[in-house]
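All values below come from the heavy atoms of this structure, side chains included, with hydrogens, waters and symmetry mates left out.
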Amino acid sequence: GLVPRFFAGESVKRTFDVFNDSTGENELVLTWSLAGTETKGSESLTLPPAGYRAVEVTLRMPTVGAPKDFAFEWTLAAKGQPVHRGSQAVRVYPRRPLQSPAGVQVLVFDPRQEWSRTAEAEGLQSARLAALADLAKADPRSDLLVVGPGAFERGEQKQGIPRVGEDTPGVSKLLGFLTQGGRALVLEQTTYEGIPLGVSLVDHASTLTFPQAGDHPVLTGFGKDDFKFWRGDNYVTRREILRPISGGIKPLLVSGGEHSLDQSPLMEVPAGAGTALLMQTLVGAKLDSEPAARQLLQNALAYLASRAP
């Protein structure tokens, strides 16, 4: 089955439904532990024939230096004899402040400012860009661009007519930054219209996505199920990139329907001497709640920082 993911230090509640299916009163003892840690406990209960009780336990996730799997184990004993045993794997991720990669200046373009405020509060050291046009002053050798969620939306209209087909303001400076060796991480967007990176989005939301390039540094340290059923509403994506078939674009994660995997929630797009990671996984929205999202963001920043022009 799928392995639940938690942050180190998180308190996790689990409920056991305990039944006495014997014809007489029964003295039962429920014991539980997180194997290899000091997290353990027990509860004694006396149940009448056909009696039932819900037992809620709290597990405190241990401190870890890197993602690590543990076994949550439990035993129910009647009059000293085990009558039921069970276990479930859980994966624990470190909960660290976000780290800005060494050797680069992180520039954030985030018109909504929600994500940038959260990221700064979580430890990311960065400078904010008011507009993409400000990339004209950026240094592709030492600057790393992060584009916040929904930053490519264009709500403006000109004399009541939608600006169909027009480039997003400043996009020429974005392309110039990339082609000269710049690196960009683009978080989840609602549109790529006016952004000439050769990709387009489709209305496909996924709870299940799959590694396509498991050896890529961005996916280091993840299990095969870490991109499925993200915490909260279970969604990993809301909109996804239609997989291109040319241009050197490399899908890192894929998703799709019953018969094909036609979408990519995460891909690397070369642009001249530079590169862009397009990340439609809900890393922006679930930075605080989903351990895999936080780790994916940190991996992406470290990888782009290592890609010196």
Side-chain angles (χ1 to χ4, degrees), residues 98-113 115-116 119-120 124-154 163 165-189 191-201 213 216-220 241-252 264-281 283-284 296-309:
L98 292 177
Q99 295 179 327
S100 300
V104 298
Q105 167 70 57
V106 176
L107 306 177
V108 176
F109 173 60
D110 182 29
R112 295 179 177 178
Q113 298 187 18
W115 183 84
S116 52
E120 287 171 9
L124 186 68
Q125 296 181 329
S126 62
R128 296 194 193 184
L129 292 181
L132 285 176
D134 293 341
L135 284 170
K137 297 174 282 189
D139 184 348
R141 294 168 299 177
S142 58
D143 292 335
L144 191 164
L145 174 67
V146 177
V147 178
F152 291 154
E153 283 184 4
R154 291 174 297 157
R163 296 169 56 175
E166 288 193 24
D167 281 348
T168 296
V171 72
S172 63
K173 300 298 186 286
L174 170 62
L175 289 179
F177 174 74
L178 291 172
T179 54
Q180 294 171 49
R183 296 145 288 171
L185 170 61
V186 184
L187 301 180
E188 60 263 37
Q189 302 298 315
T191 181
Y192 271 89
E193 283 189 35
I195 308 295
L197 290 174
V199 301
S200 59
L201 298 181
H216 195 283
V218 172
L219 302 185
T220 297
I241 302 165
L242 192 64
R243 286 176 67 181
I245 56 175
S246 62
I249 295 174
K250 184 175 186 177
L252 307 188
S264 174
L266 172 57
M267 59 172 51
E268 185 170 10
V269 179
T275 191
L277 279 176
L278 311 185
M279 192 173 282
Q280 287 297 113
T281 50
V283 165
L296 193 59
L297 172 66
Q298 199 68 76
N299 283 10
L301 292 172
Y303 167 70
L304 290 173
S306 74
R307 284 284 309 259

Val218 and side-chain contact (heavy atoms from CB on, under 4.5 Å): which single residue from Leu296, Leu301, Leu297 fits? Leu296

For residues Pro217 and Asn299, report the shortest heavy-atom separation together with the two atoms involved. O-ND2, 4.0 Å

Hey, mind stepping through Trp115 and Leu124 against side-chain contact (heavy atoms from CB on, under 4.5 Å) and telling me if it holds? CA-CA 11 Å; Trp115 183 84; Leu124 186 68; 3.9 Å; yes

Return the minimal non-hydrogen interatomic distance between Ala130 and Phe109, and the atom names on each side. O-CE1, 3.9 Å

Would you say Leu175 and Leu197 make side-chain contact, with heavy atoms under 4.5 Å? yes

If I compare all heavy atoms of Gly194 with all of Pro196, which pair ends up nearest, and what's the gap? O-CD, 3.4 Å

Can you give each donor-acceptor pair under 3.5 Å made by side-chain atoms of residues 99-106, sequence neighbours left out, with the distance rounded to 0.1 Å?
unit_1	atom_1	unit_2	atom_2	d
Ser100	OG	Gln125	N	2.8
Ser100	OG	Gln125	O	2.8

Test side-chain contact (heavy atoms from CB on, under 4.5 Å), reference Leu266, set Val283, Ile241, Leu278, Leu252, output is Leu252

What pair of heavy atoms forms the shortest contact from Leu178 to Ala184, and how long is it? CD2-CB, 3.9 Å

Partner residues of Asp134 under the salt bridge (charged side-chain N to carboxylate O under 4.0 Å, His left out) criterion, sequence neighbours left out: none

Using 0.5 Å steps for rounding, measure from the OG atom of Ser172 to the CG atom of Leu135. 10.0 Å

Side-chain heavy atoms of Leu242 within contact of Val199, under 4.5 Å: no

My understanding is that only residues two or more places apart in sequence, or in another chain, count here; which of them pass side chain to side chain contact (heavy atoms under 4.5 Å, CB included) with Arg128? Gln113, Ser116, Arg117, Glu120

Applying side-chain hydrogen bond (donor to acceptor under 3.5 Å, both in side chains), which residue pairs with at least one partner in residues 180-189 are found, sequence neighbours left out? none

All heavy atoms of Ser264 vs all of Pro251, minimum pair found to be OG-CB, 3.7 Å

Just wondering, do Phe177 and Leu132 contact through their side chains at under 4.5 Å, heavy atoms? no

Taken to the nearest 0.5 Å, the spacing of Lys250 NZ from His216 NE2 works out to 5.0 Å

What heavy-atom pair brings Leu277 and Ala300 nearest, and what distance separates the two atoms? CD1-CB, 3.8 Å

Give the table of side-chain donor-acceptor pairs shorter than 3.5 Å for residues 136-147, with sequence neighbours excluded, one pair per line with atom names and distance.
unit_1	atom_1	unit_2	atom_2	d
Asp139	OD1	Arg141	N	2.9
Asp139	OD1	Arg141	NE	3.2
Asp139	OD2	Arg141	NH2	3.3
Asp143	OD2	Asp139	N	2.7

Phe152: partners by ring-ring contact (aromatic ring centres under 6.0 Å, His included), with sequence neighbours left out: Tyr192

